[in-house]
A.B. asks: 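Encoded as structure tokens, here's the structure I'll be asking about.
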Amino acid sequence: MSKNVLISGAGIAGPALAYWLQRYGFRPTVVEVAATPRPGGQTVDIRGIAREVVTRMGLMPAIEAKLMHERGMEYVRASGRRSAAMPVDLLDGAGPVAELEILRGDLAQILLDATAGNVEYLYGDSVTALTEDDRGVVVTFREGGERRFDLVVGADGVHSRVRSIAFGPESEYVRHLGGYGAFFTVETPEPLDGWMKIYSAPGGRWVGLRPDHDPRQAKALLNFRSATISYDRRNVQEQKALLAKTFGGLGWHTANILEQLPDADDFYFDTTSQVVVPEWSRGRVVLIGDAGYCGSPLAGHGTALSLVGAYCLASELAIAEGNHLRAYPAYQARMQAYVDQRMELPPGGIKMAMPMTSAGIMLRNTATRLMTSRPFRPLLAKAAAGSPDEISLTSYDALSGAAGPGRIAAVEPALRPE
């Protein structure tokens, strides 16, 4: 049985996969390029079938203790006056702000705590080469040395290093959707009272404030539409200068946010992109989460896809007793319809989210007010809810109490879907 598994990436998908693998008797090792676990981060949501996954992990109490309890999203004018709003309860948690919202860093820490003592973590390092043979994969690390693993998993995001090494250049799998976004923590310029507030300006620019646990702080969001920009992903000062130039002179709280930008120590900047990889595995290497399937922030569901993907991949490996030739295709077959469903972009895509003109902004806000008015609320709620998740977790029920590979093999006939 293949038991030693290297996972690249300690965000959400990596630790979630490590949790299930160690529970099923594997020995996972997680390598993370950051020197320490990354705190803070944007607010993420746990929707649909992902709730069942975290419940089976026994993590719902810890997650509920860290929820943000946001009231909804509102569009504001330059003066700060509300133009349109979408409360959470209006769409039963199926709108832009979900019922279960948690800071990414809080969720990541919960997953790290759940795997502490059972999973090896290597921080401040990354994979530089993969050499596969009939006995496994020899992994070369940036900080020196080589180690052999039975299997390797790329859970290292949109710009996956493992994908680039094993599958090919990023340009073959990442599609730029015409936007860029940043977020960082600021001292809040006004009490948010649980609301995510968004100010849109001509030129496809979008300034947001989102609640933090500390009411004196907020998560600032700066998003803008643009064709592909050439920039150094490691040069934070260059990225901050780009944002200062792009958003300078705008109204609302933009000036206050930009004043705090230079000192932001949790700054994050990236493209608005989709990741589409037709086949998620190559030999003993497999992809999970944003590394293999990412609908972009416009589509959402990234956290849910990571949590469900981790559950399905680990379970298929357990059923197959570590045989990747069986497990990897079964994992993709189980997940494909769900991934396709949750990668769909909302109507209008980035053009609707960030209009280029004042008239476009006014039209979007007017349409939002109309659709959230009492006569149209049932239609909006139905559209927001969409169709049920195109996946079932029932075939893995018997694995939840499995203590090791022998137990899993014994129940395999009852687990394999038709």
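The basis for the numbers below is simple: all heavy atoms, side chains too, and nothing from hydrogens, waters or symmetry mates. Nothing here was measured: the structure is a model prediction, and the numbers come from that model.
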A.B. asks: Please confirm whether Y331 and W280 have ring centers closer than 6.0 angstrom.
C.D. replies: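 Between W280 and Y331, which both carry aromatic rings, the centre distance is below 6.0 Å.
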A.B. asks: With sequence neighbours left out, write down each residue that passes side chain to side chain donor-acceptor pair (under 3.5 Å) with D134, or none if nothing qualifies.
C.D. replies: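 D134: no side chain to side chain donor-acceptor pair (under 3.5 Å) contacts found.
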A.B. asks: Tell me whether the NZ or CZ atom of K219 lies within the 45° cone about the ring axis of F184 and under 6.0 Å from its centre.
C.D. replies: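 Output no; distance or angle outside limits.
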A.B. asks: Would you call E120 and R147 a salt bridge, using N to O less than 4.0 angstrom?
C.D. replies: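 Salt bridge between E120 and R147, a charged N being under 4.0 Å from a carboxylate O: yes.
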A.B. asks: What is the distance from atom OG1 of T188 to atom NZ of K197, rounded to the nearest 0.5 Å?
C.D. replies: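 Separation between the atoms: 8.5 Å.
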A.B. asks: Look at the aromatic rings of W20 and Y24 and report parallel, tilted or perpendicular, splitting at 30° and 60°.
C.D. replies: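 Aromatic pair W20/Y24 classed tilted.
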A.B. asks: With a 4.5 Å cut-off on side-chain heavy atoms, are H253 and L209 touching?
C.D. replies: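 L209 reaches H253 side chain to side chain.
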A.B. asks: What do the steps show when you test L6 against F141 for side chain to side chain contact (heavy atoms under 4.5 Å, CB included), and what is the final call?
C.D. replies: CA-CA 12 Å; L6 177 69; F141 293 96; 4.1 Å; yes
A.B. asks: Could you check whether the rings of Y199 and W252 sit parallel, tilted or perpendicular, using 30° and 60° as the cut-offs?
C.D. replies: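 Plane angle between 30° and 60°, so tilted.
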A.B. asks: Can you find a pair of side-chain heavy atoms, one from S160 and one from F167, that are under 4.5 Å apart?
C.D. replies: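 No - every pair of side-chain heavy atoms lies 4.5 Å or more apart.
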A.B. asks: Would you call D150-R284 a salt bridge at under 4.0 Å N-O?
C.D. replies: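 A salt bridge is absent here (no side-chain N lies under 4.0 Å from a carboxylate O).
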A.B. asks: Any heavy-atom pair between the side chains of D125 and V33 that's under 4.5 Å?
C.D. replies: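 V33 does not reach D125 side chain to side chain.
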A.B. asks: Is the distance between the ring centroids of Y231 and F269 under 6.0 Å?
C.D. replies: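 Centroid distance Y231-F269: below 6.0 Å, so yes.
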A.B. asks: Check for me whether R82 meets the cation-pi criterion with W195, that is, NZ or CZ under 6.0 Å from the six-membered ring centre and within 45 degrees of the ring axis.
C.D. replies: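 Here R82 passes the 6.0 Å and 45° test against W195.
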A.B. asks: Just to verify, what does T140 make a side chain to side chain contact (heavy atoms under 4.5 Å, CB included) with, not counting sequence neighbours?
C.D. replies: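 Testing T140 for side chain to side chain contact (heavy atoms under 4.5 Å, CB included), a comparison that skips the adjacent residues, returns T128, A129, E146.
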